[in-house]
Amino acid sequence: DHRWCGAMQDIEHTSAVAAPGAALVVDDIAVGPGRALSATTRRNLTRVDELYGPFSAGSSHNPCRGALAPGGVQQQCNRWGFAVGRFQQESSG
């Protein structure tokens, strides 16, 4: 689920079972998952250690780069990036 609410639930639910300091990788930081990561970082639930992107659709660092999807249909390419971080503490809900 790449909506903000789905990504937020994923991070909060995972934090309930992850040890403080456990690694966290969030993909597609230009959309909902990135906004959820920012929100949980502001709440000190997570921290971001490394940030890659987001890269524009035409960038060599963006894996989409206008490739054809199965059936020869042109993919819609959006800004893309990912973040590496850690869980800081258990979620309080």
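The main-chain N or O of N78 is found under 3.5 Å from a side-chain atom of N62 such that the two form a donor-acceptor pair. Remark: side-chain polar atoms of S59 are not paired, donor with acceptor, to backbone N or O of F55 under 3.5 angstrom. Counting only distance, with no hydrogens or angles, the side chain of T46 and the backbone of T41 share a donor-acceptor pair below 3.5 Å.
Taking the side-chain hydrogen bond (donor to acceptor under 3.5 Å, both in side chains) definition, one finds that D10 meets it with nothing, sequence neighbours left out. In this structure, R35 has no salt bridge (Lys or Arg N to Asp or Glu O under 4.0 Å) partners at least two apart in sequence or on a different chain.
Summarising the geometry of A19 relative to F87, their closest heavy-atom pair is O-CB, 4.2 Å, with the distance given to 0.1 Å. Here the closest heavy-atom approach between residue A7 and residue P33 is recorded as CB-CA, 3.6 Å. Counting all heavy atoms, side chain and backbone alike, P54 lies closest to R79 at CG-NH2, 2.9 Å.
Residues Q88 and L45 are not in side-chain contact: their nearest non-hydrogen atoms beyond the backbone lie 4.5 Å or more apart. Taking 4.5 Å as the limit, every side-chain heavy atom of H13 sits out of range of all side-chain heavy atoms of M8. A heavy-atom distance below 4.5 Å is not found between the side chains of F82 and L51.
Under the side-chain contact (heavy atoms from CB on, under 4.5 Å) rule, L24 has a single partner from L37, V48, T40, D49, which is L37.
When hydrophobic clusters are built by joining Ile, Leu, Val, Met, Phe, Trp and Tyr residues whose side-chain heavy atoms come closer than 4.5 Å, directly or via intermediates, W80 is not grouped with V26.
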Could you walk me through whether R3 and Q9 pass the side chain to side chain contact (heavy atoms under 4.5 Å, CB included) check? CA-CA 10 Å; R3 295 172 301 160; Q9 285 180 332; over 6 Å; no
